[in-house]
Amino acid sequence: MTEMLLKYFREQQKQVETERIYNTQCPYCSMQCKMQLVEQTHVKRKTYKTIGRDNPTSQGRLCIKGMNAHQHPLHKDRIQYPLLKVNGEFVKISWREALDYIKEHVTEIQEKNGADALGVYGSASITNEEAYLLGKFARVALKTKYIDYNGRLCMSAAASAASKTFGMDRGFTNSLQEIPYTECIMLAGTNVAECQPTIMPYFEKAKENGAFIIAIDPRETGTTKIADLHLKLKPGSDAALANGILKVIIEENYLDERFLQERVNGFEEVMQYVASLEFSVIEEITGVPLEKMYQAARMFGQRETGMIFTARGVEQQTDGSAAVQNFLNILLSVGKIGKPRCGYGAITGQGNGQGAREHGQKADQLPGYRSIENHEHRMYIADVWNIEEKGLPRKGVSAYEMIEKIHDGEIKGLFLVCSNPTVSNPNANFVKKAFEKLEFLVVADMFESETAKLANLILPASSYLEDEGTMTNVEGRVTLREASFPRRGEIKHDWEILCEIAKVLGKEEYFSFSSAEEIFNELRIASKGGIADYSGITYERLRAEKGILWPCRSLTDKGTERLFETRFAHSDGKAMMVPVSNQAIVPKAKITKKYPLYLTTGRVVSHYLTGVQTRKSASLSARNFESFMEIHPSTAKKYEISNQELVQIESSYGRIVVRSKFSEGIRPDTVFVPFHWADSQNVNNLVSEKLDPACKMPGFKVSAVNISPSVKRSSY
Ligand code: SF4
């Protein structure tokens, strides 16, 4: 920093008259870094900055998103009043008018078409309390079976795989503290350097300590740079690659036979299936040379300790659940789980990707990871909610399937909380058309997102700075996000909005909460005895202990740092291995003459999800103000595309226009586009609607596309 700048900052500092500190947590990724907003009052103005705060997970670190996370809540475009669309324009109305409008339309739609004509679409960015309340709101206040959330597009494959393999789904089986001391790490389809940057030091420390790092990704990223071995596979071939590694492990006998015998079912079937596969076929499917598969298997098999991490690269495919299961097959075959420095981590994307999938926002789920189709579970929750079990709706459908039902006219009205589904879902052109068909769309949000623009009514929702509640981070650590920043205008918390709507619908007795803590205390009871048991966790403990890893079954239970030390969560205590095919049941996009390139998608460090928040941050937006297509220069040459040129990308679903960006680090048969932009830059316009049958995850990571320069060049 130059002398001049230092002088400027010293002068600024001298002019500070008062300072207020607000403790909070970053609103973005699953690291949930603790931080402080510092508000300084100068002679004539206020300034804000965000600084990191020590805690067991991020240890005081913040990434560029966290450092600028105060910019969007303070933005002038924040919605501060209920807005009703009249003649195509939003006009400010009172809360009374908004609630009356909701009551009138809910009653009319449900009287005419039945309770299930209304749906609820939630989010994995809201607090546990709000996720819990949203599930209860759908089933008790609206009595609809149609509720699902945007975590379906994010965590459903890993959740389904862990539930099938281990009998329960907590993203990380260990706390992060063990990572630096493990000896081999497999990072499959995860770009933590851009998606969860403050986790990187754990892997860097492991490397310093001598760990061998294997990265699996079709492109070079900030994360693959720290790897000792990079398996640059063809998009969509993760399940086959895992089979190749497993085949070497079996062939060269790195198996933990005692562990397999005592703690695992299904190994024989996996062994037989893998023996029937040909290495040459796996090489062909994956594009990964056999010697690299050998190297990966040997390092992972021979080292005493090891961990596997997966993320959306493996999971967002039409066989994402099975592909993750196959990586868990590798882990189980060598017995590297349930003991120190060994385990699995599904690196959650969204801030509350873990907690929001545990307490009832999913179509088939009740709080505590209970099943809505299990009679005992239904009885327990009906009792907690003080309703008749038979009044509790049955399971609904997944997020994208709900949108299909909107398109078909079965769902006529939707409550949407903190999500932007017309941009984030696959086949986005279709999704937008479906939303345009809704008779009644109510959106609770901070900004006029692309989806909120289609609403009949927008309700002003609070931000992370204002809304206290618990969030469960990437480790499964429940944390208390304090929040006391004053709200502007007539902004309300999501939970307050739900309680007020329930009240006008005549359901006040079930929603008479006056704080997030009161809701949490009901959630504790509702989760008691379930897989995700929070019953021993209190706000007081969270303040004192800086977070608790669930399950935590009593006030004296310290929580669970490491899972599966003595038994897995299936009823017989054993893990379950199943053979996984090289090919998905629901076929993935294949490259053809018409669409000769693979398209894969992902994130950039300066943006979060569909960018509704980060695109409002001047500092973040300035880093990436538009989307781009990463392409290998040799491929670009073939298509006569220059660097930094507007390019049209086309699939059988639609077309977009983005700017080219040359990279030697991407496979020549693949292009990459991030998913943070809307409209003509929305990469989801190109993505198929096909879903993984096991978990209903869309296949975001593999499309087949054609590319061409967007503008015909004229010669001068
Ligand atoms: Fe931490 Fe994630 Fe926020 Fe970055 S985006 S500061 S890593 S929570």
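Counting starts at 1 for both ligands and their atoms, in listed order. Computed over heavy atoms, backbone and side chain alike; hydrogens, waters and symmetry mates excluded.
- Side-chain atoms of Glu450 and Thr610 form no donor-acceptor pair, as typed in the model, at a separation below 3.5 Å.
- Formation of a donor-acceptor pair under 3.5 Å by the Glu545 side chain with backbone atoms of Leu542 is not found in this model.
- Side-chain atoms of Ser617 and Asn68 form no donor-acceptor pair, as typed in the model, at a separation below 3.5 Å.
- At least one side-chain heavy atom of Arg477 sits less than 4.5 Å from a side-chain heavy atom of Pro56.
- Counting only protein N, O or S atoms closer than 2.8 Å to atom 2 (Fe) of ligand 1 gives 1.
- You'll find the side chain of Leu459 stays beyond 4.5 Å of the side chain of Val443, heavy atoms only.
- Using modelled atom types, no side-chain atom of Arg20 and backbone atom of Phe485 make a donor-acceptor pair closer than 3.5 Å.
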